[in-house]
There are 2 protein chains.
Amino acid sequence: MESRNELDVFRQHLKKNHMRYTPEREQIIREIFSTHDHFDVESLYLRMRQKGLTISKASIYRIIPLLVDAELISEVYYEDGHMHYEHIFGHEHHCHMRCTRCRRIEEFTDPRLHLIEQELGERFGFQVKGHNMEVYGLCGECRQSES
Amino acid sequence: MESRNELDVFRQHLKKNHMRYTPEREQIIREIFSTHDHFDVESLYLRMRQKGLTISKASIYRIIPLLVDAELISEVYYEDGHMHYEHIFGHEHHCHMRCTRCRRIEEFTDPRLHLIEQELGERFGFQVKGHNMEVYGLCGECRQSES
DNA sequence: GTATCTGCAAACCCTTTGCAATAAG
DNA sequence: CTTATTGCAAAGGGTTTGCAGATAC
């Protein structure tokens with residue numbers, strides 16, 4: 001398999017499902033993959049507007065599920081009343097360590113999780129597709145400024 | 001420390017925060033702890049109404065955060081447009097294995113996760129408070145009926 | 001008595017959807 | 001040309017909130 005970038009993956013996913021590769025869809029995926037950060041609909045919308053792109057929020061809401069289906073992005077967490085997303089394509093699978101006070105997030109990977117995941121699949125008769133682990137607590141800075 | 005039940009914990013939490021132990025609050029915590037299942041606001045509301053309790057949804061929405069603060073329950077996942085909760089008090093910490101097709105959920109515990117959590121805390125300088133792990137895939141039944 | 005709590009209804013906010021115009025293939 | 005997509009504005013649905021009356025302490 002030769003190297004494909006996120007645009008290729010998206011185009012292929014759309015073609016397979018008889019959907020069209022529109023300028024709006026290309027603009028969204030380009031914008032999302034222009035950073036490595038988590039994002040949400042509002043911030044994505046504002047970023048695009050600031051760059052002069054005139055996409056509507058309705059389109060963003062309609063296109064994000066396509067990117068999730070294509071396994072280019074995924075939902076990470078629901079907070080402050082709305083969903084947050086992260087990149088999947090081009091990013092090694094990772095888990096999150098979250099500071100419950102300042103909300104800072106560190107990413108980590110641990111090969112033991114994969115092993116555990118496989119064992120659990122056998123124990124419960126599941127065909128395991130993946131896992132997500134979140135570790136939470138107070139980050140170094142917030143520990144010190146604890147009240 | 002002698003044994004305290006969820007009502008004692010809640011009463012103490014309320015007293016500490018200059019809040020009051022009302023009939024509505026007692027009814028809610030009794031209802032929640034009458035089963036071991038995950039729940040959401042709507043199902044809790046309906047269950048209480050069916051039992052003739054005349055609490056309002058507004059009160060449920062106001063009381064649930066108090067139970068979360070008291071570490072009696074916690075948010076588990078956001079799905080179908082609303083939050084789902086589970087018991088913490090009286091339940092050994094556990095993680096979830098979720099079928100992505102039928103949404104069936106199995107609970108499991110694995111002592112290695114605690115070890116990993118501690119190691120990560122040291123690596124990132126976090127004071128770790130806990131973790132959540134979710135493993136997802138297809139359960140035994142759904143594997144067989146795969147299209 | 002005083003501060004908190006409840007129920008109601010309205011407000012809020014994120015998300016979805018109907019529709020008519022537009023555009024991809 | 002045919003069918004999918006867009007933007008708009010309105011609708012939807014879960015959650016929050018202002019307020020006046022009720023109640024815990």
Side-chain angles (χ1 to χ4, degrees), chain A residues 7-8 10-32 38-49 51-70 73-85, chain B residues 7-8 10-32 38-49 51-70 73-85:
Chain A
L7 276 71
D8 293 331
F10 194 25
R11 263 194 294 259
Q12 182 173 321
H13 177 80
L14 292 172
K15 175 170 279 187
K16 188 171 67 181
N17 292 282
H18 312 293
M19 295 187 289
R20 293 166 184 176
Y21 190 65
T22 66
E24 289 79 6
R25 289 174 181 182
E26 178 169 334
Q27 286 163 10
I28 284 186
I29 190 170
R30 280 190 188 281
E31 184 57 39
I32 288 175
H38 294 185
F39 66 93
D40 54 44
V41 168
E42 183 67 20
S43 66
L44 179 61
Y45 176 69
L46 293 177
R47 267 160 58 191
M48 294 182 76
R49 291 213 113 208
K51 294 187 179 175
L53 304 173
T54 54
I55 198 164
S56 70
K57 268 191 194 172
S59 291
I60 295 180
Y61 276 110
R62 278 187 279 230
I63 293 170
I64 280 184
L66 305 183
L67 297 171
V68 172
D69 287 345
I73 65 173
S74 79
E75 302 182 339
V76 230
Y77 54 89
Y78 184 84
E79 194 171 81
D80 295 330
H82 57 272
M83 188 55 72
H84 297 251
Y85 303 88
Chain B
L7 275 71
D8 294 330
F10 194 26
R11 263 193 294 259
Q12 182 174 321
H13 176 81
L14 291 171
K15 176 170 279 187
K16 188 172 68 181
N17 293 281
H18 312 292
M19 295 186 290
R20 292 169 182 171
Y21 190 66
T22 66
E24 290 78 7
R25 290 174 181 182
E26 177 168 335
Q27 285 163 9
I28 284 186
I29 189 171
R30 280 189 186 283
E31 184 57 40
I32 288 175
H38 294 185
F39 65 94
D40 55 45
V41 169
E42 183 67 20
S43 66
L44 179 61
Y45 176 69
L46 293 177
R47 266 160 59 191
M48 294 182 75
R49 293 214 113 209
K51 294 186 179 175
L53 304 173
T54 54
I55 198 164
S56 69
K57 268 191 195 174
S59 290
I60 295 180
Y61 276 109
R62 278 187 279 230
I63 293 170
I64 279 185
L66 307 182
L67 297 171
V68 173
D69 287 345
I73 64 173
S74 79
E75 303 182 339
V76 231
Y77 54 89
Y78 184 86
E79 194 171 83
D80 295 330
H82 58 271
M83 187 56 71
H84 298 251
Y85 303 87

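Atom set for the values below is all heavy atoms of this structure, side chains included, hydrogens, waters and symmetry mates excluded. Note on naming: letters A, B, ... go to the chains in the order of the sequence lines (proteins, then strands), and numbering restarts at 1 for each one.
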The answer to which of B/V41 and B/M19 contacts DNA chain D further toward the 5' end, by nearest nucleotide, is B/V41
note: B/K57, atom NZ; D/dG13, atom P; distance rounded to Å ~ 11 Å
Would you call the rings of A/Y78 and B/Y78 parallel, tilted or perpendicular if under 30° counts as parallel and over 60° as perpendicular?
parallel
_Phosphate OP1/OP2 of C/dG7: any B/S59 side-chain N/O under 4.0 Å_ = yes
Q. For the side chain of A/R20 and the base of D/dT3, is some donor closer than 3.5 Å to an acceptor across the two?
A. yes
When rounded to whole Å, the OH to C1' distance for the pair B/Y85 and D/dT15 reads 9 Å
Students often get this wrong, so: under 4.0 angstrom with heavy atoms, is B/I63 touching a base, only sugar-phosphate, or nothing?
sugar-phosphate
Of B/R62 and B/H18, the one whose closest nucleotide on DNA chain C sits nearer the 5' end is B/H18
TODO: Would you check if B/V41 and B/H82 make a side-chain contact, meaning some heavy-atom pair closer than 4.5 Å?
DONE: no
When rounded to whole Å, the CD to P distance for the pair A/E24 and D/dC8 reads 11 Å
Q. How would you label the contact of B/L14 with the nucleic acid (heavy atoms, under 4.0 Å): base, sugar-phosphate, or nothing?
A. nothing
Picking from C/dT15, D/dG7, D/dT15, the nucleotide nearest the side-chain atoms of B/Y61 would be D/dT15
note: B/R11, atom CZ; D/dC25, atom P; distance rounded to Å ~ 10 Å
note: A/E75, atom CD; C/dT15, atom P; distance rounded to Å ~ 10 Å
| query | Does any N or O in the side chain of B/N17 come within less than 3.5 Å of the main-chain N or O of B/M19, such that one atom is a donor and the other an acceptor? | reply | no
Here the distance between atom P of D/dG14 and atom OH of B/Y77, to the nearest Å, is 15 Å
In B/R49, B/E24, B/E31, the residue satisfying side chain to side chain contact (heavy atoms under 4.5 Å, CB included) with B/I55 is B/E24
**Message:** Checking the side chain of B/H38 only, and the main-chain atoms of B/H84 only, is there a donor and an acceptor separated by less than 3.5 Å?
**Reply:** no
Of the candidates C/dA24, C/dT6, D/dT15, the side chain of B/R25 sits closest to C/dT6
note: A/I55, atom CD1; D/dT6, atom P; distance rounded to Å ~ 7 Å
To the nearest angstrom, the CE-P distance between A/M83 and C/dT16 comes to 10 Å
Walking DNA chain D from its 5' end, the first of B/E42 and A/S56 to be reached, judged by nearest nucleotide, is A/S56
So, does B/T22 get its side chain near the phosphate of C/dT4, meaning an N or O under 4.0 Å from OP1 or OP2? no
